[in-house]
Asks: 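Have a look at this one.
When a residue number appears, it is its place in the shown sequence, counting from 1. Just so we're clear, the structure is a prediction, and the values are computed from it rather than from any experiment. Order of appearance sets the numbers: ligands from 1, and atoms from 1 within every ligand.
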Amino acid sequence: MSGAPNPLRVAIIGAGPAAFYAADHILKQSSSAEVDMFDRLPTPFGLVRHGVAPDHQKIKSVVKGFAAVATSPRFRFYGNVEFGRDVDLAGLARHYHQVLFATGAQTDRRMNIPGEDLAGSYPATEFVAWYNGHPAYRDEAFDLQTPAAVVVGVGNVAIDVARMLSLEEHELAATDMARHAVAALARSQVRDVYVLGRRGPAQAAFTTPELKELSELPNVDLVIDPAEAALDALSAAELERANDPVLRRKVELIQSLATRPPAGRPRRLHLRFLVSPEALIDDGHGRVAAVRLARNELVGSETGSLSAKPTGATETIAAGIVFRSVGYRGVPLPGVPFDTRWGVVANVAGRVCSPETHELVPGLYTAGWIKRGPSGVIGTNKADAVETVHAMLADAEAGLTLDPAQPTAAAADEYVRRCCARPVSFADWQRLDALEVEAGARAGCPRVKFASVASMLAALAGEGGPAGN
Ligand code: NAP
C-alpha cells in the first residue's frame, strides 16, 4: 500500500454482517489499516441478532467469525453511538480517511392500499424486531386476540413471521426470542395464519428448506389449495426455460404438500397463491376486521418476468391482524447521497456517488443492504463487502481519500467520548453476552436477551441482568 495513508483509518457505520465482512477484509488486505465500527445499539451483529428467526440458532453461529475479527488490535467497536445523533460526517472526516456505511435496510415497503394504516395492520419488520428484542421495538404491542392473522408476501421473512405466529409456547420459550414476545405469543388467540403470494408457486420468493420446515411443524396443518399450486401455461414454460433444479424441487414440494390431507391439528397455516390484498376492511372502530383479496392471473411483462393481474374475482378473509412482509427499505443517512427510488445510498459498486450525476464522493463507501437493497442471505454480504473494500483499498492507494486533520486512534476516541456519554466496547458486549447466555442456561434457552438500552447500561454498571429488562 505504498500510496495509501499509513495507518489508513476507516470508520464503519453499522455492525451487521456486511460491516463485519468488510472489516475482516480490510484488516486482512492491509497490514496497517485501523477500523473503528459504530452502531447505534450497544450490541453488535445487526440482523443476525434482530432479524434471523429465534429458532434458527445455527444461522446465528456466523457471529463466531465476527467476534474473531474483533480480536484484532487494529479493530475497535463503539456501540451505543448513533451516526447523525452522536457522531456526524464532519466529525468523522476529521479523524478517518474513509467512512463505510453498512446500516442495512431499517424500514419496510408499503402496499399502498386502502386501510393499510388501520389499527391491527403492521409492518413485518416491526414484528420481527419486537420478537427479537430490538430495544427500539420493546414497547410495541401487537393485538393477537383474534383467531386469524394475514401475512402479505411469500418471502422468507413472511415464512418466519407465519412460523412465529404458529409455534406453541414451549417451542418459543426454547429459543432466544425476547421474553416479552414469548409471553405475548403464549396468550395469542391466533389459530389460522394466511400467507398471501400475489404470483404463483414458481415465483414464490421463499426457499425450499423454509417451506419444508413449515410442513414439519407438529401442531400445524399446512393447507395449500391444489388449484393454486398448479402451474399456469406461462409459469410452466418459464420453469422449463429456467432449467433450475432448485426451483423445480420447490415447485414439486409445494404441489406435493397441496395433496396432503389436513390432520386436524390445532393450528392451520394457509399458503395462498395468486391473490393480492386490495383493501383492509375497518371493523367500524378503526381496526382491521378483514382483508379483501383480488384473485390474480399471470401475464408477461416488459421486464420479462411474469406479473400478477387481477382477474376481477375477489374474496374476503376475516382477520384481526395483518402483517405486510413485502420487503425492507433503506433509510437515508444525514449528509450521505441517497437514491430515493431504490432506497439505497447512491453508489457505483460500493463507491458513494451523486444520485443525479453519478459523480463519486471521495472517501465515502457503502456495503450490504443499504448498498444493493434487501436481497440475499447473510453470506451474500461477503462478496458484496469484498467488492467495496477492493474499491476502498484501490482508492487509498491512489490517494483518493478524505483529508483528516487528526487521523489518530486517540483523537478519534476523544471525539467519540465527547459525543456519546457511554460508548460500549466489544469487551463490554462480551460481558453482556455472557450475562445473556448465563440467564439462558437458567431458563433452558440459548440466551435471555437484554431488550432495552437502559438494562444493558445498568448491567455494565454492575446492576442487574437481562431478566429484569
Ligand atoms: P423478499 O424475498 O424480497 O420477498 C418479498 C415478498 O413480498 C415477495 O413474495 C414479493 O412478491 C412480495 N411483494 C412485494 N410487494 C408486494 C405487494 N405490493 N403485494 C403483495 N406482495 C408483494 O423479501 P423478504 O422476505 O423481506 O426477505 C429479504 C431477504 O432476506 C431475502 O433475500 C430473503 O431470502 C432473506 N431472508 C432469508 C432468510 C433465511 O435464509 N431463512 C430469512 C429471512 C430473510 P413478488 O415476488 O411478486 O414481488
Asks: Which part of Ile159 is near ligand 1, with near meaning a heavy atom under 4.0 Å away: side chain, backbone, both or neither?
Replies: neither
Asks: Decide whether the shortest distance between a heavy atom of Pro374 and an atom of ligand 1 is less than 4.0 Å.
Replies: yes
Asks: Do the side chains of Arg272 and Asp225 get close enough for a salt bridge, i.e. N-O under 4.0 angstrom?
Replies: no
Asks: Under 4.0 Å from atom 3 (O) of ligand 1, do we find at least one protein heavy atom?
Replies: no
Asks: Within less than 4.0 angstrom of ligand 1, does Ser276 place any heavy atom?
Replies: no
Asks: With side-chain hydrogen bond (donor to acceptor under 3.5 Å, both in side chains) as the test, pick out the partner of Lys371 among Thr366, Thr388, Asn347.
Replies: Thr388
Asks: As a check for students: among Val152, Val377, Ile378, identify the option with a heavy atom nearest to atom 40 (O) of ligand 1.
Replies: Val377
Asks: So, for atom 10 (C) of ligand 1, does the protein have a heavy atom nearer than 4.0 Å?
Replies: no
Asks: Have a look at Glu436 and tell me which of Lys449, Arg442, Arg49 forms a salt bridge (charged side-chain N to carboxylate O under 4.0 Å, His left out) with it.
Replies: Arg49
Asks: Would you kindly specify which portion of Val52 sits under 4.0 Å from ligand 1, judged on non-hydrogen atoms: side chain, backbone, both or neither?
Replies: neither
Asks: Is any NZ, NE, NH1 or NH2 atom of the basic residue among Asp192 and Arg268 found under 4.0 Å from an Asp or Glu carboxylate oxygen of the other?
Replies: yes
Asks: Are the charged groups of Arg351 and Glu387 less than 4.0 angstrom apart, N to O?
Replies: no
